[in-house]
Amino acid sequence: MTILVTGGAGFIGSNFVLDWLAGCGEAVVNLDKLTYAGNLSNLASLQGDMRHTFVQGDIADTALVAGLLAQHRPRAVLNFAAESHVDRSIASPGAFIQTNVVGTFALLESVRAYWGAHSEADKATFRFLHISTDEVYGSLGTGEAAFSETHRYEPNSPYSASKAASDHLVRAYHHTYGLPVLTTNCSNNYGPFHFPEKLIPLLIVNAQAGKPLPVYGDGQQIRDWLYVKDHCSAIRRVLEVGKVGEVYNVGGWNEKANLEIVHTVCSLLDELKPRADGKLYKDQIAFVTDRPGHDRRYAIDARKLQRELGWAPAETFETGIRKTVKWYLEHPHWVEQVQSGAYREWVAQQYAA
Ligand code: NAD
Ligand code: TYD
């Protein structure tokens, strides 16, 4: 038995592949384009592991994907591949439309052709699991109920709009063609292998480099944080026992304002790796111009996943963020290696002012 994972060299995909192979013997074919966000060193511990086959390529390459499906005959396809950074989607939306919309469409077409040739019994057990985000639901006001699976779609950024489009395509392939799909919409993840353009790893990396810790606007925007390995366990659970055609929201009930996150990371660094000059990391906080169209609050209602599939996160925010900061301190080589020329160019452009 084999599964095909797309985007498995990125943050969540690589955590998923590592956890999957640590927990079971089933082989993984990992298709990843290796954009700036894809990093094979995330998968270095799998070197020589015959259960992992890495293929560099694009989900939009239908000939490549058809060949992989025919060769490896996976029982499931899990689609992690995406352009994922909101700020980049504001600066250059084209790549988001290409991968998240056109790419997902092309992948669905390849999978539909492969699945359609199965026997009725194998058709019924096949799964296409699409990994999506809570950002498709838009922004919540203070006191509004957390996003449930039936919340209206109201995406506000090119990123969330492109993910919303992909979710709709996945839904349509189930309703129109009967493709056995599952969709998960998860809140903000954090943990090992998180690319340091996103808030938490950026803070850890900048703090140690003596650079400013950029806080957009007033820092009171709220995100609902989930440790990445809890997201991976939720995906495994949904793949195993999720009901075909259903959507499952994934979250850990950890709403935090950005400024609180910044202070938590600073305190952990003060404890685990104090500044050489005896000052506190919070002295590096810098309030900068807000993100255009910045969503104010996300919150996930994950009760359906808990009630129907029995999933619950293993980490609290306190345990997960401590593990995360420690992981970054213990992996300076990984941090150094992902800060390529392309990364430095992005940081220079984004934080120029
Ligand atoms: P990431 O940017 O770290 O990784 C994306 C991976 O996809 C990279 O390895 C990249 O090389 C690959 N990729 C990009 N375009 C591709 C293409 N056309 N073909 C094949 N591979 C391609 O993203 P992530 O944070 O790991 O997110 C993974 C998925 O989870 C995304 O679909 C994202 O929308 C979703 N998600 C992310 C979060 C989060 O907090 N990071 C939360 C909820 C949902
Ligand atoms: P981010 O990690 O980019 O995730 P998302 O935009 O998908 O939620 O950002 C998390 C929050 O942190 C978001 O409200 C934007 C804010 N933020 C900053 O304040 N400063 C930064 O430098 C970055 C990258 C994000």
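Worth knowing before you read on, the calculation uses all heavy atoms, side chains too, and leaves out hydrogens, waters and symmetry mates. Just follow the structure's listing: the first ligand is 1, and inside any ligand the first atom is 1.
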For ligand 1, which atoms, with element, lie under 4.0 Å from some heavy atom of [X]?
| X | result |
| --- | --- |
| F80 | 28 (C), 29 (C), 31 (C), 32 (O) |
| Y159 | 33 (C), 34 (O) |
| S187 | 42 (C), 43 (C) |
| G38 | 8 (C), 9 (O), 11 (O) |
| L34 | 11 (O) |
| N188 | 40 (O) |
| G57 | 19 (N), 20 (C) |
| A81 | 7 (O), 20 (C), 21 (N), 22 (C) |

Side chain or backbone, does [X] bring an N or O within less than 3.5 Å of an N or O on ligand 1?
| X | answer |
| --- | --- |
| T35 | yes |
| S132 | no |
| D32 | yes |
| G10 | yes |
| N189 | yes |
| I59 | yes |
| K163 | yes |
| N39 | no |

If the cut-off is 4.0 Å to any non-hydrogen atom of [X], which atoms of ligand 2 fall inside it?
| X | answer |
| --- | --- |
| L202 | 22 (O) |
| Y351 | 21 (C), 22 (O), 23 (C), 24 (C) |
| E135 | 5 (P), 7 (O), 8 (O) |
| P214 | 18 (C), 19 (O), 20 (N), 21 (C), 22 (O) |
| E197 | 24 (C) |
| H85 | 3 (O) |

Note the single closest protein heavy atom to [atom], along with its residue, its atom name and the distance in Å.
| atom | result |
| --- | --- |
| atom 37 (C) of ligand 1 | I12 CD1, 3.4 Å |
| atom 8 (O) of ligand 2 | R223 NE, 2.7 Å |
| atom 43 (C) of ligand 1 | C186 O, 3.3 Å |
| atom 3 (O) of ligand 2 | R291 NH2, 3.1 Å |

Examine distances only and state if a side-chain atom of [X] and a backbone atom of [Y] form a donor-acceptor pair shorter than 3.5 Å.
| X | Y | value |
| --- | --- | --- |
| T6 | A81 | yes |
| E154 | Y137 | no |
| Q284 | P212 | no |

In Å and rounded to the nearest 0.5 Å, what is the [atom1] to [atom2] distance from [X] to [Y]?
| X | Y | atom1 | atom2 | value |
| --- | --- | --- | --- | --- |
| S166 | F96 | OG | CZ | 12.5 Å |
| F54 | D49 | CZ | CG | 15.0 Å |
| D19 | S233 | CG | OG | 8.5 Å |

Does NZ or CZ of [X] come closer than 6.0 Å to the centre of the six-membered ring of [Y], within 45° of the ring's axis?
| X | Y | value |
| --- | --- | --- |
| R112 | Y177 | yes |
| R236 | W20 | no |
| K198 | F11 | no |
| K256 | W225 | no |

Is it the side chain (CB and beyond), the backbone, both or neither of [X] that lies under 4.0 Å from ligand 2, heavy atoms counted?
| X | answer |
| --- | --- |
| V288 | neither |
| N258 | side chain |
| N188 | side chain |

Test of proximity, V215 against ligand 2: N or O pairs below 3.5 Å |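 Checking ligand 2 against V215, no N or O pair falls under 3.5 Å apart.
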
Residue selection (non-hydrogen contact nearest atom 15 (C) of ligand 2) among Q221, Q350, H294 = H294

Option set L199, D58, T99, criterion heavy-atom distance to atom 15 (N) of ligand 1, minimum =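 Checking each option, the heavy atom nearest atom 15 (N) of ligand 1 is found in T99.
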
Test item: side-chain donor near acceptor, E135 and Y298, under 3.5 Å = yes

Parallel, tilted or perpendicular: rings of Y114 and H118 (30°, 60°) | perpendicular

Does atom NZ of K282 have more than 12 heavy-atom neighbours from other groups under 6.0 Å away?
->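 Count not over threshold, so no.
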
Ring pair (Phe, Tyr, Trp, His ring centres under 6.0 Å), paired with Y190, selected from Y328, Y227, W327 =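 When Y328, Y227, W327 are each tested with Y190, the ring pair (Phe, Tyr, Trp, His ring centres under 6.0 Å) holds only for Y227.
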
From the options N185, N100, T183, select the one residue that forms a side-chain hydrogen bond (donor to acceptor under 3.5 Å, both in side chains) with D167.
-> N185

Establish, yes or no, whether a centroid distance under 6.0 Å links the rings of Y36 and Y343.
->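 Between Y36 and Y343, the centre distance exceeds or equals 6.0 Å.
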
Do Y153 and H168 make the cut of ring centroids closer than 6.0 angstrom?
-> yes

Determine, for E255 against R223, whether the closest basic-nitrogen to carboxylate-oxygen distance falls under 4.0 angstrom.
->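 Salt bridge absent between E255 and R223.
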
